[in-house]
Novice: 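Take a look at the following structure, please.
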Number of protein chains: 2
Amino acid sequence: MKQGTRRSGGTKGVRQARSDRSREQILRAALDLALEHGYQGTTMAAVSTRSGLPVGSVYWHFKGKEQLFVALLEHCYEVWLEIHSGPEGVRRKLSRGITGLSGADPEHHTKEEALLKAAAVWALSRRLGGLDEDSEVRAAYLRMRAEMFKVDVERITESVPADVTERFPDMPTKLTVLSLAFTDGFYVHANSEVHLDLDFGEYADLAARALEGLVDDFARRAAEER
Amino acid sequence: MKQGTRRSGGTKGVRQARSDRSREQILRAALDLALEHGYQGTTMAAVSTRSGLPVGSVYWHFKGKEQLFVALLEHCYEVWLEIHSGPEGVRRKLSRGITGLSGADPEHHTKEEALLKAAAVWALSRRLGGLDEDSEVRAAYLRMRAEMFKVDVERITESVPADVTERFPDMPTKLTVLSLAFTDGFYVHANSEVHLDLDFGEYADLAARALEGLVDDFARRAAEER
DNA sequence: GTCTATATGAGGATAGAC
DNA sequence: GTCTATCCTCATATAGAC
């Protein structure tokens, strides 16, 4: 057994336990480093140093840098799924997404969530300094992004009045896209070191108000048609 | 004279003319390559090949890769300034910004504009795979971004009703930030190769409607207070 | 000013002892 | 499973002839 495959079941030997711990140490180190230096900026040597394990061990657990990051993304996605359960309206979503950028809301912004946000940028096309088209990391992230989008749509659907969704079935999808665009856009701003004086809380409110206004607009139209 | 300095005036010798042409060829090659492969993906060797000039020449005209890209950004910024003159409301701005993403509006989307958009991503923090904090390219871009933001605010101010700006003086700034966030957010989406079926024209309209609703909201409030 | 050959350094990955 | 020494590739940059 090697690289990624784990003992299917039964008793865990002491060696196995130690191996698992090494694996986790490596992933942990990769997570920290990736948040500090990005994908390209994270070297296998650095992962080795930070994890306290030699390079050889890293390559024993993961076939290469790509596989390491795919495993890391999978871990983060699992955490994301655990956190994001239960209904959530546009307002709350925007508030979490935008306010969280200022770092003012650390308890709701885990490292894992932060990494997924960062990965969104890594996955941008090559032209933008993103990963290669055939990168496994990129492919893995895009799969997850699609899944997360679905979850978002479902949860936003629950927050939109029934008569609106009845008349405009794709409204929740549109709202999700718009609020995602908002969040991503502010994410870019927050990481551009321009306009440091932005009050993200205020903008989250403005953004929410703008989208809620849109929903009201459609609600009015739905009501008029009766 | 060397590297970036140009003859101040007077008659241009034949050698000078040829040198200028070489410089332009190099910049042109860099522009094309940067749009295809990004900053990191553009190698000096490739610039040399594409421009038809040897590596040595490239390093004669520009001290290094950073200087080359700073010069490129300056060129693009000049083009941007020429294009973006005259008033422009939020709607038109969003329409240009978002619809342009689909590539459906090529005539209004020059290579230079595209490069500035790409540079916004390059300038993201190191954690996101962006340039180093002390990168000259990054610093140059951030200066330009601040300038472009100012221009945007001025032009959006002209499109907001006078009574609103009177009562809420920072409304134009907020609108600019929101519409920039929208544009940047959709830019991320457009380059993520997810939801390829997005109708950017429709979303540009929705986004514009949402922001216009916000303005109306404030206009109502301003009116009520009289 | 233009060109070729080459120095330099970084990072991903492997070999093979233990 | 763990560790060390080493290889390979590739990109920036320079030296120096013309």
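When reading the values below, keep in mind they use all heavy atoms of this one structure, side chains included, and skip hydrogens, waters and symmetry mates. Chain naming here is simple, since letters A, B, ... match the order of the sequence lines and numbering starts at 1 in each.
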Novice: Please list residues of residues 123-141 of chain B whose heavy atoms come under 4.0 Å from any atom in DNA chain C, ordered by number; otherwise none.
Specialist: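 Heavy-atom cutoff 4.0 Å gives no residues at all.
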Novice: Assign a letter to each nucleotide of nucleotides 2-18 of chain C from its 5' end: B, base within under 4.0 Å of a protein heavy atom; S, sugar-phosphate only; -, no contact.
Specialist: BBB------SSBB----
Novice: Once side chain to side chain donor-acceptor pair (under 3.5 Å) is applied, do any residues pair with B/K150, and if so which ones, sequence neighbours excluded?
Specialist: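 In terms of side chain to side chain donor-acceptor pair (under 3.5 Å), with neighbours along the sequence ignored, B/K150 is linked to no residue.
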Novice: Under the side-chain contact (heavy atoms from CB on, under 4.5 Å) test, which residues partner B/A45, sequence neighbours left out?
Specialist: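 With sequence neighbours excluded, B/A45 shows a side-chain contact (heavy atoms from CB on, under 4.5 Å) to B/T43, given in chain and number order.
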Novice: Which residues satisfy the side chain to side chain donor-acceptor pair (under 3.5 Å) test with A/Y141, sequence neighbours excluded?
Specialist: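 Applying side chain to side chain donor-acceptor pair (under 3.5 Å) to A/Y141 gives A/R145.
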Novice: With sequence neighbours excluded, tell me which residues meet side chain to side chain donor-acceptor pair (under 3.5 Å) with A/R91.
Specialist: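 By the side chain to side chain donor-acceptor pair (under 3.5 Å) rule, A/R91 matches A/D205, A/E212.
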Novice: According to side chain to side chain donor-acceptor pair (under 3.5 Å), who are the partners of A/E112, at least two apart in sequence or on a separate chain?
Specialist: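 Result, side chain to side chain donor-acceptor pair (under 3.5 Å) vs A/E112: A/H75.
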Novice: Applying salt bridge (Lys or Arg N to Asp or Glu O under 4.0 Å), name anything that partners B/E82, two or more places apart in sequence or on another chain.
Specialist: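 None.
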Novice: Enumerate the residue pairs fulfilling side-chain hydrogen bond (donor to acceptor under 3.5 Å, both in side chains) with a member in residues 170-181 of chain B, sequence neighbours excluded, ordered by first and then second residue.
Specialist: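 Counting only pairs at least two positions apart or across chains, the side-chain hydrogen bond (donor to acceptor under 3.5 Å, both in side chains) contacts touching residues 170-181 of chain B are A/E202-B/K174, B/D170-B/K174.
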